[in-house]
Amino acid sequence: MQIIEHWIGGKPTAGESDRLAPVWNPATGEEQAQVRLATVSDVDAAVQAAKTAFASWGQQSLSNRSRVMFRLRDLVERHELELAKIVAAEHGKVIDDARGEIVRGREVIEFACGITSALKGGFSNDISRGVDSYDFRQPIGVCAGITPFNFPVMVPMWMHPIAIATGNTFVLKPSERDPSASLFIAQLYADAGLPDGVFNVVNGDKTAVDALLDHDDVAAVSFVGSTPIAKYIHERGQAAGKRVQALGGAKNHAVVMPDANMDWAANQLTAAAFGSAGQRCMAISVAVAVGDAADELVGLLKEKAEAVVVGAGDDPEAEMGPVVTEASCERVVSYIESGVAQGAEPVVDGRGLQIEGHLGGFFVGPSVLDKVTPDMDVYKDEVFGPLLAVVRVDTLEEAIDLINANPYGNGTAIFTFDGGAVRTFERDVNVGMVGVNVPIPVPTAHYSFGGWKDSLFGSSHIHGHEGVRFYTRAKVVTSRWPKHTESQAAQLNFPTSS
């Protein structure tokens, strides 16, 4: 049985823990490896390695840091297929989907390659007679990332390239469900010439999480995951005096207006609901059909959901793989059952799906429930699986009110050709990321990712320029260079610009 270890100080490390957790193959239901769960002392070892490395890495020139990022970018591109296979084996998503997340993660590395532009400060000449003022940003120290299972490459890349390019060092605690991708990235960093200790990986559970949150030498913590844990991370991290960006869960709605291209909308919703088996924080889990759109939309969704090819992640014909664990499979099935019991109409039922040659896999097929209402559990909760709920409303205003009443505010979308409807929707909806005829409005790396309401704790979104600000702090200098012979009497009044 393979034992997956940590990466501390530039090399694989077993650490002190004898606790192990299973790593499953979701397509077969078999245990394929075990991962070590870090102790507090293991976390401390990683933080100390990062702290030691910060003393020199934080003083590196911007051009040297950028060169490492350029080399890392090339290595990630060169090893894309190999990395995608690792993701597919442990997460379960199909190879093409895994390659997609790697490409989106690589975009953040490309943003970090241009960190010299992102860190440019300002200069004001003669703000007062003979006085100049300018500002610049400096790294803050050891930063930590705590990331979820659903994007084992992309979500960590939302964090560590920017943190490292701005001069910080980093300790990553990936999900123990699919940890191998992070160790592969650690080796690529080493191959790119990153000094030992700048990037570290500690595998673990709550013990490791709390150790990072409580450690005096960790300056900032980034988190992506469920809302209850995001709230916990934010509160505990802030109580320990750290900067915290904590992104939580979602219940993303897509509004379909009667004038929309229905075939286009149905295709987009099918991809957004069932891609990665619905295990995306930006997945569309609720389709809001407005007025006459409902019957046609539901008919098309049935046709397209039933046509999705489900199989193992390494099956080149498969479009959707299994969910990550048996418990996840049971959870999705329970929401289908509760939705039907509470009055929803099953349009496509993915329960009981079996894949030939993978009978022990964690498979549940694409599922669509119609006539879902806001009081049903399947609407209220984040299911995190291939289940699309259809809610019928009469007007756009009713659709907006429905979305705004939901406690989550991560992403939303509208499908229409009506510019006035779009303008009303994008201004009145209380959601952080909005798509117009785009079902998953994840911004590119130059913009920042983050929701509103219970989808975000704290004020900082992730990657882009908000990411740069999160991992640095500003320093403002006011300077005067008097002549050697110049003399001025002490002035006790408050100084002004004149």
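Sequential numbering from 1 along the given sequence is applied to the chain's residues. None of these values were measured; they are calculated from a predicted model. Computed over heavy atoms, backbone and side chain alike; hydrogens, waters and symmetry mates excluded.
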**Message:** According to salt bridge (charged side-chain N to carboxylate O under 4.0 Å, His left out), does anything in residues 140-168 pair up with another residue at least two apart or in another chain? List the pairs.
**Reply:**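 Pairs touching residues 140-168 that pass the test: none.
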Measure across [X] and [Y] and return the closest heavy-atom pair with its distance rounded to 0.1 Å.
X: Trp57; Y: Asn168; result: CD1-O, 3.2 Å
X: Cys113; Y: Arg73; result: SG-CB, 4.5 Å
X: Pro374; Y: Leu402; result: CG-CD1, 3.5 Å
X: Lys251; Y: Asp381; result: NZ-O, 2.6 Å
X: Thr116; Y: Ser66; result: CG2-OG, 4.1 Å
X: Asp418; Y: Thr416; result: N-OG1, 3.0 Å

**Request:** Determine whether more than 12 heavy atoms belonging to other residues, nucleotides or ligands lie under 6.0 Å from atom CD of Glu326.
**Result:**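 Counting neighbours around CD of Glu326, 12 or fewer heavy atoms of other residues, nucleotides or ligands fall under 6.0 Å, so no.
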**Asked** Are more than 12 heavy atoms from other residues, nucleotides or ligands located less than 6.0 Å from atom CG of Asp292?
**Response**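 Result for CG/Asp292: open.
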Ignoring hydrogens and angles, tell me if any N or O in the side chain of [X] forms a donor-acceptor pair with the backbone of [Y] under 3.5 Å.
X: Ser334; Y: Arg331; value: yes
X: Lys242; Y: Val218; value: yes
X: Asp132; Y: Asp126; value: yes
X: Thr373; Y: Val391; value: no
X: Arg65; Y: Gln60; value: yes
X: Ser367; Y: Gly365; value: yes
X: Arg280; Y: Phe151; value: no
X: Asp178; Y: Glu90; value: no
X: Lys453; Y: Tyr408; value: yes
X: Gln279; Y: Val324; value: yes

Side chains of [X] and [Y]: does their closest heavy-atom pair fall under 4.5 Å?
X: Leu369; Y: Tyr335; value: no
X: Glu466; Y: Gln245; value: no
X: Thr424; Y: Ile400; value: yes
X: Lys85; Y: Ile95; value: yes
X: Asn410; Y: Cys281; value: yes
X: Arg392; Y: Asp295; value: yes
X: Ile403; Y: Asn430; value: no
X: Asn150; Y: Ser276; value: no

**Request:** Could you please spell out the steps behind the side-chain contact (heavy atoms from CB on, under 4.5 Å) verdict for Leu269 and Val256?
**Result:** CA-CA 10 Å; Leu269 292 181; Val256 181; 3.9 Å; yes
Going from [atom1] on [X] to [atom2] on [Y], what distance comes out if it is rounded to the nearest 0.5 angstrom?
X: Phe223; Y: Ile229; atom1: CZ; atom2: CD1; result: 6.0 Å
X: Met376; Y: Ser338; atom1: CE; atom2: OG; result: 9.0 Å
X: Met159; Y: Thr147; atom1: CE; atom2: OG1; result: 6.0 Å
X: Ser455; Y: Asn406; atom1: OG; atom2: CG; result: 8.5 Å
X: Thr395; Y: Asp401; atom1: OG1; atom2: CG; result: 7.5 Å
X: Ile185; Y: His79; atom1: CD1; atom2: NE2; result: 10.0 Å

**Prompt:** Hey, is Arg99 close enough to Asp96 for a salt bridge, meaning N to O under 4.0 Å?
**Reply:**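 Salt bridge absent between Arg99 and Asp96.
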**Message:** Would Phe136 and Val477 count as a side-chain contact (heavy atoms from CB on, under 4.5 Å) here? Give the steps.
**Reply:** CA-CA 9 Å; Phe136 56 92; Val477 178; 3.8 Å; yes
**Request:** Carefully, step by step, assess Asp263 and Lys304 under the rule salt bridge (charged side-chain N to carboxylate O under 4.0 Å, His left out).
**Result:** CA-CA 10 Å; Asp263 190 68; Lys304 296 177 188 301; 3.0 Å; yes
**Request:** Just do the side-chain contact (heavy atoms from CB on, under 4.5 Å) check on Tyr232 and Leu213 with the steps written out, would you?
**Result:** CA-CA 10 Å; Tyr232 172 81; Leu213 292 172; 4.1 Å; yes
Between [X] and [Y], how do the two ring planes meet: parallel, tilted or perpendicular, split at 30° and 60°?
X: Phe449; Y: His463; value: tilted
X: Phe199; Y: Tyr189; value: tilted
X: Phe149; Y: His91; value: parallel

**Asked** Can you check whether His160 and Tyr471 have ring centres sitting under 6.0 Å from each other?
**Response**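 No, the ring of His160 stays outside the 6.0 Å limit from the ring of Tyr471, centre to centre.
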**Item:** salt bridge (charged side-chain N to carboxylate O under 4.0 Å, His left out) between Glu107 and Arg104, worked out
**Value:** CA-CA 5 Å; Glu107 290 175 358; Arg104 293 305 299 268; 3.0 Å; yes
**Request:** Would you please test Val298 and Glu345 for side-chain contact (heavy atoms from CB on, under 4.5 Å) and show each step?
**Result:** CA-CA 11 Å; Val298 170; Glu345 294 185 6; over 6 Å; no
**Request:** Under the salt bridge (charged side-chain N to carboxylate O under 4.0 Å, His left out) rule, what do Arg71 and Asp74 come out as? Steps first, then yes or no, please.
**Result:** CA-CA 5 Å; Arg71 290 193 291 265; Asp74 291 343; over 6 Å; no
**Asked** Tyr379 and His253: ring pair (Phe, Tyr, Trp, His ring centres under 6.0 Å), yes or no, with the steps?
**Response** CA-CA 10 Å; Tyr379 175 82; His253 301 64; 5.5 Å; yes
